[in-house]
Amino acid sequence: MTEPEKKDNIPSDEKKQEETGTSKRRGNTPPEENPQPGMFRVLMFTLLIGLLLWYFIGLSNANMAEINFGFFRQQLAADNVASVIIQNGTRLTGEFKVPPDDPSSQEKETKGKSDVAKTAKPQEPPKKLPEKFYTILPSPIEAGGELEREISQKVGDKFHIDEPVDTVGYLMILSIIITVVLLGSIWMQFRRTRDQLGGGPMFGFSRSPAKRFQSNEDAVTFKDVAGLESVKEDLAEIVDFLKHPGKFERLGARIPKGVLMCGPPGTGKTLLARAIAGEADVPFFSINASEFIQMFVGVGASRVRDMFDVARGSAPSILFIDEIDAVGRLRGTGIGGGNDEREQTLNQILSEMDGFATNDIVIVIAATNRPDVLDPALLRPGRFDRHVTVSKPAQKGRVQLFEVHTKKVPLAEDVDVQRLAAMTTGLTGADIRNIVNEAALWACRNNEEKVQMADFYYAIDKILMGAKREEVISEEEKRMTAYHEAGHTLMAWLNPGRDRISKVSIIPRGHALGVTQLIPEEDRVSISQREIEVKLLISLGGREAEKLVFDELTAGAEGDLQYVTQLAQKMVTAWGMSSRIGPAAFRLGDEHPFLGKEMSTSRNFSDHTAQVIDEEIMRILNNASEKAAAMLRENRNKLDALAQALEIREELDESQIEQILGPPAYRENEPEKEEG
């Protein structure tokens, strides 16, 4: 299948912040300065209290030996007890006059003597008990009883019986303290969570989540944005106005209230916003439009009000809204008449930008890749006055992009940035950054010291044609794929056009068994009817080659047929390239399908016109198919030679194709141009 054109902190015045009270409203503390989570603190505090309780409970037993009551009676009878204290009626603590041997060690010693014949190791001396001891009485001691009299006779005045201590009160106080501490910790966590979400009721859902830009060493400036000189000039004017408003006001000039940056994905709209933040010496707030939308109706509008209040408090300031189409879509469309929360949010944005209370000190910059779906009220003068188109970079811009993205990449001497820029026509800045990254990764895998031109070739093939698939195809499929791609290549070689053959491959890549890579010869914004007809020939060449050689058709031409059908349809219905239809345009209902317009908008042409459109589309496609078949029959020898070379080498570049087919048609007039 053919590959058609690809992928058609700024610190503010601290005194002003203190006066306006806005310096503490945003939860933008750097991550490394944020306190530990509150729940973690609660758990740590509870664990600490438990450890303290365990410590105090076990403190009374420290350095004390636990003995049984029988051993105590033995030591008491042997007059080896110096003092005795009975607590709570059953706990007896005391001191030995002479620390006796540990009964457990004596049992081990006795057992060891019986086994002396089995071991030659000398027995260890018996272990001594500590001086202090405690034991639990089998029953509460009775006043005047036998045990009391016996202990009094042996110990004398060093025998005491303490009254039982009521610990219920202490336990109640301790439980109350623990409960209060836990509730206080939970409340502190509640407040911290509320502050992180902006404060206010229900965790502050109504507060704006806009983040204030903080300047640092990695700040992006206009020097880091390549290939968008006119766009940078428009945006630099806004930054200059905020820095030096008197220069503009002297001549009565008014800076636009809003700037809308439009362009395809990956062209650098968000990067430009970061560059504005890096260049401007004013507060810069950024937010994504999807952050306004919540499940509660009215929350988005409240967030918009709070966002503008914060921006006004730091005025003059810049407010950047990314992906504004998330809230700025046309109102009253779609199933059910639209979304109430989104429309209320949009209404509040419209009111804040140019409502009854005008605002001249906050500049709103928004970015979108779908300007066609935005509400007209958002685009009128007084709101988004200036529209800046961020388009795909031209040749010079791509050279600058490669130079920017390869600053930190060690390049070999054979790397030609001009050649790389010529090979990446139609790609965006994000695509070029991806190519540079893929080349660096491939060089690392090959253990290279520097990134070479071959690494960039590999990266471009992977990005434009897809990654190689590790699969084995049969010889018959390989031969059919070779003729299919040879048909594409031969049509592009014989018909002069602006798309030049860069490479043809029958190595399975992506979803295709083979790829013919076409690269535009130069940047362009328009296309002629003759160039479209050449595209039709190239796309249908693979199908006709299969039919000519194998006398059958395969499903490999599915993508080609979809592409040529769309081209022929636009030729007839949008571009007026049909003599039978004439200079007329007809909408076929695929412009805004997700907005719900097609459910209420009727077709703007009759059934007879629809039949004529279908007939013209088929006529254009059949003529192109017949012409491609005729050219392939006339050049059958070249088709066979190219297909055989593909079967052997599997991949051919432009110079190798020229050795087989001779010079291409687009070079026929080059000598005449040089002579002129």
Side-chain angles (χ1 to χ4, degrees), residues 43-182:
L43 294 176
M44 292 299 296
F45 186 80
T46 306
L47 180 61
L48 178 61
I49 288 186
L51 291 175
L52 289 175
L53 290 175
W54 176 83
Y55 173 76
F56 285 116
I57 291 175
L59 186 62
S60 60
N61 297 332
N63 298 322
M64 298 180 70
E66 181 182 5
I67 63 176
N68 57 47
F69 182 68
F71 186 74
F72 166 73
R73 295 295 295 266
Q74 293 177 6
Q75 296 298 316
L76 183 66
D79 197 16
N80 192 31
V81 178
S83 63
V84 172
I85 299 175
I86 298 179
Q87 301 169 332
N88 297 327
T90 58
R91 180 181 173 86
L92 186 150
T93 60
E95 295 182 6
F96 292 115
K97 293 180 180 179
V98 178
D101 295 337
D102 189 350
S104 60
S105 63
Q106 292 178 357
E107 294 177 359
K108 293 179 181 179
E109 182 180 1
T110 303
K111 183 178 180 181
K113 289 180 179 180
S114 61
D115 299 335
V116 68
K118 300 179 181 179
T119 176
K121 294 183 180 180
Q123 297 297 322
E124 297 180 358
K127 184 179 179 181
K128 297 289 184 178
L129 288 175
E131 184 178 355
K132 296 182 179 181
F133 67 90
Y134 74 93
T135 185
I136 304 299
L137 302 180
S139 61
I141 189 170
E142 297 180 359
E146 180 183 357
L147 180 61
E148 181 183 1
R149 293 195 304 270
E150 184 179 354
I151 296 175
S152 298
Q153 293 175 359
K154 297 292 184 180
V155 178
D157 58 354
K158 293 185 178 181
F159 170 50
H160 301 283
I161 299 178
D162 294 340
E163 294 295 331
V165 179
D166 186 8
T167 60
V168 176
Y170 295 104
L171 292 177
M172 289 182 63
I173 294 175
L174 182 61
S175 62
I176 292 174
I177 292 175
I178 294 176
T179 303
V180 171
V181 170
L182 289 175

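The model shown is predicted, which means the values in this text are computed figures rather than measured ones.
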Report summary line: For Ile136, the side chain to side chain contact (heavy atoms under 4.5 Å, CB included) test, sequence neighbours excluded, returns Arg91
Query - Interatomic distance, Phe69 atom CZ to Thr90 atom OG1 [nearest 0.5 angstrom] - result: 11.5 Å
Report summary line: Taken to the nearest 0.5 Å, the spacing of Tyr134 OH from Leu92 CG works out to 12.0 Å
Query raised in the report: Once you round to the nearest 0.5 Å, how far does CG of Asp79 lie from CD of Gln153?
Result: 11.0 Å
Query raised in the report: Under 30°, 30 to 60°, or over 60°: which ring-plane class applies to Phe71 and Phe96, parallel, tilted or perpendicular?
Result: perpendicular
Query raised in the report: What pairs of residues pass the salt bridge (charged side-chain N to carboxylate O under 4.0 Å, His left out) test when at least one of them lies in residues 63-73, not counting sequence neighbours?
Result: Arg73-Glu150
Requested in this report: Quick one: list whatever passes salt bridge (charged side-chain N to carboxylate O under 4.0 Å, His left out) with Lys158, sequence neighbours left out.
Outcome: none
Query - Least distance between heavy atoms, Leu129 atom then Ile67 atom - result: CD1-CG2, 4.0 Å
Report summary line: In this structure, CD1 of Ile151 is separated from CD1 of Ile86 (nearest 0.5 Å) by 4.5 Å
Report summary line: Taken to the nearest 0.5 Å, the spacing of Lys154 NZ from Gln75 CD works out to 12.0 Å
